[in-house]
Every structure is written in structure tokens, then in C-alpha cells.
Amino acid sequence: MTDFLNELNEPQQEAVKATEGPVMVIAGAGSGKTRVLTYRIAYLLSLGIEPFNILSLTFTNKAAREMKERIAQLVGHSKAKSLWMGTFHSIFARILRVESDKLGFPANFTIYDTDDSKRLIKNIIKEQNLDDKTYNPGYVLSRISNAKNNLIGPIDYNEDFEIQSADTAARKPKLGLLYSIYQQRLRKASAMDFDDLLFNTNVLLRDFPDVLYKYQQKFTYILVDEYQDTNFSQYLIVKKLAANNENLCVVGDDAQSIYAFRGANIANILNFKKDYPDYKLYKLEQNYRSTQNIVNAANSAIAHNKDQIFKKVWTQNEQGEKVKIYKAANEADEAAWIAGRIFEWRAQQQLPNSAFAILYRTNAQSRALEEALRKLNIPYRIYGGVSFYQRKEVKDVLAYFRLIINPQDEEAFSRIINFPARGIGDTTLNKLRVAAEEKGISLWEAALNAPALQLGFNAGTLNRLQEFTLMIKGLGTQLFKYNAFELGEKIVNQSGIRKFYFEDDSPESINRKENIEELLSGLKDFVMAPNEEGEENTFRTLDEFMQDIALLTDADTKTSGPEDTNKVSLMTIHAAKGLEFPYVFIGGVEENLFPSQLSIGSRAELEEERRLFYVALTRAMRQATITWAETRFRYGNFNFCEPSRFIDELKPEFIDYLPGAKPKKSQQAKQESFSESFKNFRKVSEATSQPAQSAPDAAADGDFVILTGAQLMPDMKVQHQRFGTGTVAKVEGGGPDAKATVIFANFGKKQLLLKFARLKIVS
DNA sequence: AAAGCGGTACTTTTT
DNA sequence: GTACCGCTTT
């Protein structure tokens with residue numbers, strides 16, 4: 001039973017066998033961290049520990065799923081199934097549903113995602129008549145999130161002198177008020193946001209000693225993966241649960257901490273020895289993944305960080321090729337070059353597409369890469385980006401599901417009250433909002449009682465409101481009568497969503513249609529799939545489905561079928577964490593992009609970017625290639641770029657500049673080359689300025705003017721800043737109301753009101 | 001109330 | 001380039 005231990009090296013084995021008491025494992029990149037975690041759990045099980053007494057926390061659903069699969073291979077499915085293994089958010093959401101009454105929430109509380117939270121905050125800002133530029137919803141949310149992750153509730157927030165003076169100094173004194181209102185509204189909607197799942201777990205364990213005791217007794221062994229990414233809130237939950245017997249094993253790598261931006265705190269790793277003075281420390285330093293050149297280059301990069309735990313990652317693997325650096329002229333060239341190398345190396349070495357990954361800092365960079373890959377017919381898959389469950393049409397359908405399950409859900413309500421259009425517009429919704437606020441009731445209750453509330457609605461509006469509430473109520477009574485799939489079908493039909501999308505066959509609509517069908521087929525799979533106990537075809541309701549998917553976000557949408565696994569992977573570096581690929585390209589390694597512009601001001605943030613760079617390099621097994629572009633098209637205009645400082649920081653002996661990608665010597669050289677290429681650019685644009693059409697040149701702006709109807713005639717060619725060139729089909733009206741119908745080459749027929757449209761006459 | 005337009009601002013990463 | 005806002009017209 002324990003012969004699998006032989007597959008581990010010395011320190012790995014020790015870490016697996018130290019089952020009792022606090023243990024910290026510092027695991028360098030590629031050192032077999034997941035292996036240690038899975039074998040440790042298998043080992044615990046082999047000692048007779050019950051799987052339901054083991055709590056194992058991860059950061060992504062994917063990591064949890066993969067680990068569960070690997071454990072199942074070691075100890076069998078039945079045991080693996082009863083493990084408490086999942087993300088912090090999903091495990092504690094599960095517990096909160098069981099204990100919800102203690103906190104005054106219904107068991108079917110809704111989980112708001114970031115998008116819902118932002119919308120709610122936006123509404124509150126509007127209602128408070130605050131300027132949404134000073135109170136940018138994203139910023140407000142991040143402040144609130146930060147407070148929650150540090151267990152500062154609205155009352156504490158408003159009473160904390162330092163916070164208040166900081167907010168006042170930043171001229172945002174109303175943040176505390178917004179926080180309070182936001183929390184009230186969440187509660188009224190019977191909803192929790194992501195951070196509340198952790199915050200409220202802390203409240204539960206703090207205020208209900210019997211509950212704490214129960215879970216302490218239950219979880220006798222606790223494991224935490226990616227411990228460097230835990231925030232204070234998560235740290236405290238773990239600490240409380242483990243307080244009884246301290247059988248706690250945390251695994252992490254300070255060099256791979258890349259989530260400080262959302263509250264992760266490396267201090268948790270650094271402070272472990274303070275909390276558990278008799279802890280055992282194991283360091284996994286042998287890298288099994290990468291060549292020597294890759295490991296050494298990555299080490300030389302991370303060495304520039306000050307905040308570090310000392311460790312020496314090394315490998316016995318072959319030396320391998322040096323890390324290649326390529327300088328591209330622009331992002332299209334960069335993408336074409338990468339695609340070209342994949343094409344070439346694939347052929348030369350008989351490699352599958354799946355041997356390659358292209359990593360980048362921001363999702364926006366994928367576009368050029370996709371185009372280049374498509375040109376060479378190289379199959380690829382993009383991970384991340386806008387996830388399935390975030391797409392508008394999917395969220396719309398889910399909002400119906402949510403409202404039926406929990407009619408108090410304010411965000412779901414305002415999302416679908418008039419979608420598909422049923423004649424209940426902003427005016428009506430605003431009146432309902434005001435009434436709900438005044439009476440302290442939810443939007444749903446306001447809509448239900450609209451006639452009694454005397455809001456001055458006409459009979460038609462009242463009628464439409466009643467129709468809507470009746471529909472939702474009617475569907476609600478069927479929640480436990482039909483299974484998730486059957487009810488989902490009914491909802492899509494009765495709500496009019498199916499009709500709305502299926503009557504329109506624009507390409508966009510077709511795509512949306514497909515997404516809705518995919519969601520429904522997901523419901524079908526859910527209904528058919530065996531449940532936790534392994535029984536098939538059990539009756540599973542929509543409400544269970546929603547609990548299942550509330551915390552799925554990224555590429556959790558069904559791992560693609562076996563036939564399409566042979567693809568090049570494209571993803572952000574964040575998404576690549578924990579993965580490995582034989583050949584890795586890192587694109588856009590330029591100042592202001594990587595490191596990100598926003599991080600350059602602070603050392604801590606810059607160090608996080610550097611860790612991100614370290615993560616990127618250490619994904620590569622055989623070959624890592626870094627590319628950067630001299631110019632990049634961003635936000636609709638050209639930007640000149642300099643190579644990232646991270647390239648300079650790599651020790652020269654481990655890297656290989658490809659022709660043209662010469663190292664720059666000093667800061668002055670950098671500036672010279674910058675101004676030189678700027679001069680060259682000017683020359684080029686001056687030289688080619690005759691048609692001025694293809695060069696999106698800033699000077700051309702002035703050429704777009706407001707024309708009068710008299711200046712335009714049918715068949716004239718005009719240019720529009722957004723729509724490009726087109727032919728005038730018709731000119732109607734005169735004076736200020738003159739309208740022109742223009743057929744644009746790329747955008748089709750558009751009607752332009754001439755007093756607004758800026759046009760240029762081409763011929 | 002809805003649709004369609006032009007203008008503006010925004011872009012890091014994710015449970 | 002895109003999402004969203006707010007203005008206008010129907």
C-alpha cells in the first residue's frame with residue numbers, strides 16, 4: 001500500500017510522512033509540489049484516516065479536480081470522492097449553506113460574482129448622487145474587498161481613524177458609507193460576494209464556538225496548497241480550524257506569489273514559524289521539470305527580488321538550449337515569428353501542437369497571436385479570457401435561474417426585468433428602486449406590491465409588472481417538480497429568451513444561441529451525471545445546479561473532448577501557474593506591459609511582476625523563448641516600446657539574443673535608440689503621407705469635419721474615423737437635421753446625422 | 001420606452 | 001478596440 005513512496009525523493013518522502021503537527025513545505029518551481037500533496041493524502045488514507053476527515057484547500061477548481069483525479073488513481077474513486085477537497089471559496093460556501101441560519105441567511109443564498117458586485121456598487125453610487133469618476137466602481141469594490149479580506153467590516157471601517165483619514169485625504173470620504181450600504185443591499189438580496197464567503201466563515205467560527213468545535217473535530221488533517229496566495233481572512237480560517245491538533249500542512253513557494261493584488265499576503269508564509277514554533281520545515285529544491293539553462297535563467301531573474309525565502313533550486317536535467325530572445329518590429333511581427341517557430345520546430349522535431357504554449361501578461365495580447373496561428377493553420381486553444389459563465393447571454397439566463405431560486409436577488413432582478421424587452425424601462429425600474437429603498441424592501445417585493453404602493457404607474461405598466469412576477473412565481477413553484485434540465489428549458493422558452501435570439505440570425509446572435517444551447521446541454525449533463533454517492537439519474541434540481549456552478553469561473557467549462565487536445569495553448573501567465581509545457585513563448589516582454597505600467601511605481605508590485613516573470617519562465621521544460629516588439633498597437637494607437645528590464649536582469653550566460661535583439665548597454669543607449677526609432681518612424685510616416693489612409697496618424701484627426709447636407713452627394717466616397725471608407729447612398733433633410741445614408745465597406749449601411757458625424761470627403 | 005447614434009474612458013492579473 | 005454613457009429621435 002505504501003510502495004508508492006518509493007517514487008519520491010528524500011525530502012519529498014519526509015514531507016509526506018510527517019503527518020502529525022504543523023508542517024511547511026517550501027517547494028520550488030517544478031519540484032513536485034502537487035506530487036507531495038497527493039501522496040501525502042494517499043499516505044494518510046493508507047494509515048486508516050477517513051477521507052471525510054481530511055480537508056484539502058486549493059486556489060483553483062482545476063487544481064482541486066486534478067488532485068482528486070490523481071488521488072483516485074492511487075487509492076480508488078470511492079475514497080477520493082469523500083475527501084473535502086476544493087477551493088477555499090467552494091468549500092466554505094458549502095459549509096455556509098449548512099450553517100446559514102446562524103448568520104441569518106437562507107440556505108439558498110446567491111453568490112454575486114465581481115460583475116454583479118460592480119453593478120450593485122454602481123447603482124449605489126448613482127443613488128447617492130456621487131460622481132462615478134471620483135468613486136470609480138472598480139476602485140470602490142477593490143477597497144471594500146481589501147477591507148473584507150482583512151476582516152474589517154463596515155462598522156470597523158467607519159470607526160477606524162486611519163482608514164477614515166486616508167479616505168478623506170484621498171478625497172473619497174464616502175467610501176465607508178458606500179461599504180455600509182453595499183453590505184445592507186447584499187443582505188437584503190440574500191447574497192454574498194466572493195469575499196463574504198470567507199468573511200462570513202470567519203464570523204461563523206468566531207461567534208459560534210459549537211460550530212467551530214464541530215468542524216475542528218471533523219477536519220483532523222488539513223492541507224493548504226499555494227499557501228503563499230492566502231489572504232488574512234483565509235489564513236485565519238485555517239488557523240482556527242487547525243487549532244485543536246495542529247495537523248496542518250501548508251505548501252507553497254514564495255517566489256510564485258502572484259496574487260498580492262487581490263489580498264494575498266506572503267507574510268502568511270513568513271509568519272508560519274511564529275504561529276507554530278515547533279513546526280517542521282521541508283524544502284523541495286530539486287527541479288524535475290526544466291533544463292539547467294531555464295532553471296538558472298529563472299534563478300537569475302528572481303534573485304533581483306529582496307523579499308525572499310532563501311532556497312536554491314537546481315536540476316539534474318540536461319543543460320538544454322539557452323533562453324532565446326527575439327526582437328520584433330511590432331506585435332504582428334512578433335506573433336508571426338512565434339507562429340513561424342512553432343510551425344518550424346513542430347516539423348523538425350515531430351512535435352504535437354500541445355507541446356507549445358504562448359504566455360502573455362494581458363488577455364488583449366491574444367488577438368494578434370490568434371491571427372498569426374490561424375494564418376499557418378496551427379490549431380490553438382485560448383484559456384481564460386471572458387469565461388463562459390460571464391458572457392452576457394449566459395448571465396441573462398442564469399439571472400432567471402437565480403431570481404426563481406431567490407427572488408430577493410437584486411442584481412438578477414434588474415438584469416432581466418426588461419430582458420427580453422417587455423415594456424418595463426428605466427423609469428419604472430427607478431421608481432421601484434426608490435420605493436424599495438424607502439420601504440426597506442427588495443426590488444422584488446416592490447414589484448409584487450406595486451399596485452398598493454401607489455407609485456403612479458399606469459395600468460399598462462402595472463399589468464406588465466404583474467405578468468412578470470407571475471411568471472417568476474409560477475416557475476418558482478416548479479423548482480422541485482422538474483429536474484434542472486427540464487426547468488431550464490421551460491425558463492428559456494417562457495422568458496422569451498429563446499424567441500429573442502432565435503428570431504435573429506446575425507452572426508453574433510447565432511453565437512449567443514449556441515452558448516445558450518451549451519448551457520442547456522450543461523444542465524442535461526448535470527442531471528445525467530452520477531451524484532456524490534455515485535447514483536446515476538438521481539433527481540437533481542436547478543437549485544443544486546446553481547450551487548454547483550456559482551464558483552466556477554475560468555476554463556472550468558467542461559475540459560474539451562479528447563479529439564481537440566492537440567492544440568497550442570494560449571493563456572495569461574496567471575492562468576499558466578501550475579502548468580508545464582515543453583516549449584514556452586513569452587510575448588510582449590516590454591516595459592509598461594511586463595512589468596505592467598501600474599506596477600512600476602512600487603517596489604512590492606514590481607517584485608510581484610518579477611515573480612510573475614519567474615513563473616512564466618519556469619513553465620518551460622525544454623525551451624523558453626522571450627519576445628518583445630518595438631512598437632505595439634494599444635488602445636487604438638501606436639506605442640513605442642523598450643525591452644523589459646526583466647530581460648536585462650537575466651544572466652547573459654543563460655540567454656541567447658537572436659539576430660537583431662542586441663542587448664542594450666545603458667540607460668542612455670536605451671534613450672538614444674528610443675529617440676532614433678522615433679525619428680525613423682516620423683520619417684516613414686512623412687514619406688508615406690500621400691493617401692494618409694492606411695496610417696492612423698494623429699494629424700489626420702483634424703481632417704474629419706462636420707459636413708452639411710449640401711456638401712454631400714450620392715456616390716461620393718467619404719471616410720469615417722470608426723467605420724472607414726464608404727459610399728454615400730442618400731442625403732436627406734437639410735440644415736441641422738440633414739442625414740446621410742452611407743454604405744461602408746466594412747461596416748455596411750449606416751445612417752449618420754450630419755450635425756454629429758465627423759467625415760472626410762475622399763473623392 | 002426603445003433604438004441608434006456619437007463621445008468618452010478604460011484596460012492586469014481571478015476566486 | 002470595446003463597453004458604456006447619455007443624448008436624440010421615433
Side-chain angles (χ1 to χ4, degrees), chain A residues 57-64 86-93 111-115 117-119 122 126 132-133 136-139 142 145 149 193-198 226 229-231 233-234 258-264 359-365 367-368 384-387 389-390 392 418 420-429 458 460-461 464 550-556 571-577 588 592-599 605 608-609 611-612 615-616 633-637 696 704 706 720-723 733 736-737 739 750-758:
Chain A
L57 298 165
T58 59
F59 266 80
T60 61
N61 296 300
K62 202 168 83 193
T87 62
F88 274 88
H89 292 84
S90 70
I91 293 278
F92 295 116
I111 297 172
Y112 275 12
D113 67 13
T114 311
D115 185 58
S117 301
K118 227 181 241 173
R119 282 166 186 260
K122 201 181 267 176
K126 210 184 246 170
D132 63 357
K133 269 154 213 140
N136 172 304
Y139 173 78
S142 80
S145 170
N149 288 332
D193 68 13
F194 285 144
D195 303 314
D196 284 338
L197 295 173
L198 306 174
E226 310 279 17
D229 287 335
T230 49
N231 59 38
S233 184
Q234 292 165 323
I258 54 176
Y259 286 109
F261 73 91
R262 65 171 210 230
L359 309 182
Y360 36 79
R361 180 68 181 82
T362 65
N363 279 310
Q365 288 167 255
R367 175 167 278 127
V386 179
S387 95
Y389 293 109
Q390 311 273 11
K392 186 201 169 292
N418 200 29
R422 50 174 71 85
I424 307 175
D426 288 342
T427 323
T428 308
L429 185 56
N458 61 34
T461 306
R464 289 189 287 263
L551 293 163
L552 293 189
T553 33
D554 61 325
D556 292 329
M571 65 186 91
T572 64
I573 301 165
H574 283 87
K577 185 158 163 205
N592 296 327
L593 180 58
F594 193 14
S596 147
Q597 201 162 8
L598 299 165
S599 73
E605 285 176 52
E608 173 144 319
E609 295 279 314
R611 292 192 293 270
L612 198 54
V615 168
F633 203 63
R634 276 222 277 174
Y635 319 136
N637 46 30
F704 292 98
I706 310 258
H720 183 278
Q721 268 179 305
R722 188 140 67 98
F723 301 130
D737 297 326
K739 244 192 315 194
K750 297 276 175 202
Q751 293 220 322
L752 305 178
L753 205 54
L754 291 177
K755 66 176 164 182
F756 292 121
R758 288 175 182 277

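Everything quoted here is computed from the prediction, not taken from an experiment. Just so we're on the same page: letters track the sequence lines, and every chain starts at 1.
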TODO: Can you tell me the pairing partner of B:dT11 across any strand shown, Watson-Crick or G-U wobble, with both distances under 3.5 angstrom?
DONE: none
Open item on the list: Regarding A:Ser596 and A:Ser599, do their side chains bring together a donor and an acceptor under 3.5 Å, going by distance alone?
Closed with: no
Task: Under-4.0 Å side-chain N/O to phosphate OP1/OP2 contact, A:Thr114 with B:dT15 - done: no
Task: Residue A:Phe194, side-chain heavy atoms: nucleotide from B:dT15, B:dT14, B:dA2 that is nearest - done: B:dT15
- [ ] To the nearest Å, give me how far apart CG (A:Asn231) and P (B:dT13) are.
- [x] 20 Å
Open item on the list: Side chain of A:Arg367, heavy atoms from C-beta onward: which of B:dT15, B:dT13, C:dG1 has the nearest atom to it?
Closed with: C:dG1
Open item on the list: What's A:Phe59 touching, base or sugar-phosphate or nothing? Going by heavy atoms closer than 4.0 Å.
Closed with: sugar-phosphate
Open item on the list: With a 4.0 Å limit, can you tell me whether A:Lys122 has a side-chain N or O closer than that to the phosphate oxygens OP1/OP2 of C:dC4?
Closed with: no
TODO: By nearest nucleotide on DNA chain B, pick out whichever of A:Arg464 and A:Ser599 is the more 5' one.
DONE: A:Arg464
- [ ] Tell me what A:Glu609 touches on the nucleic acid: a base, only sugar-phosphate, or nothing, going by heavy atoms under 4.0 Å.
- [x] base
Task: Validation row: A:Leu429, A:Asn418 side chains within 4.5 angstrom (heavy atoms) - done: no
Task: Side-chain donor or acceptor of A:His89 paired with backbone N/O of A:Leu197 under 3.5 Å - done: no
TODO: Select one nucleotide: of B:dT13, B:dT14, B:dT11, the one nearest the side-chain heavy atoms of A:Asn136.
DONE: B:dT11
Open item on the list: Let me spell it out: for each of A:Asn418 and A:Glu608, pick the nucleotide of DNA chain B with the closest heavy atom. Which residue's pick is nearer the 5' end?
Closed with: A:Asn418
TODO: Ignoring backbone atoms, test whether A:Thr428 places a side-chain nitrogen or oxygen under 4.0 Å from the OP1 or OP2 oxygen of B:dA1.
DONE: yes
Open item on the list: Tell me the closest heavy-atom pair linking A:Leu198 and A:Gln234, and the distance in Å.
Closed with: CD1-CG, 3.6 Å
Task: Rounded interatomic separation in angstrom, taking CG from A:Leu57 and C1' from B:dT15 - done: 13 Å
Open item on the list: Taking any heavy-atom pair under 4.0 Å as a contact, classify A:Phe594: base, sugar-phosphate, or nothing.
Closed with: nothing
Open item on the list: Between A:Thr230 and A:Phe59, is there a side-chain heavy-atom distance shorter than 4.5 Å?
Closed with: yes
Task: Spacing between A:Leu612 atom CG and B:dT13 atom P, to the nearest angstrom - done: 11 Å
TODO: Select base, sugar-phosphate, or nothing to describe what A:Ser90 touches, counting heavy atoms under 4.0 Å on all strands.
DONE: nothing
TODO: Quote, to the nearest angstrom, the C1' distance that separates C:dC4 from B:dT13.
DONE: 22 Å
TODO: Check every atom of C:dT2, B:dT15, B:dT14 against the side chain of A:His89 and return the nucleotide holding the closest atom.
DONE: B:dT15
Open item on the list: Taking 4.0 Å as the cut-off, does a side-chain nitrogen or oxygen of A:Asn363 come that near to OP1 or OP2 on B:dT13?
Closed with: yes
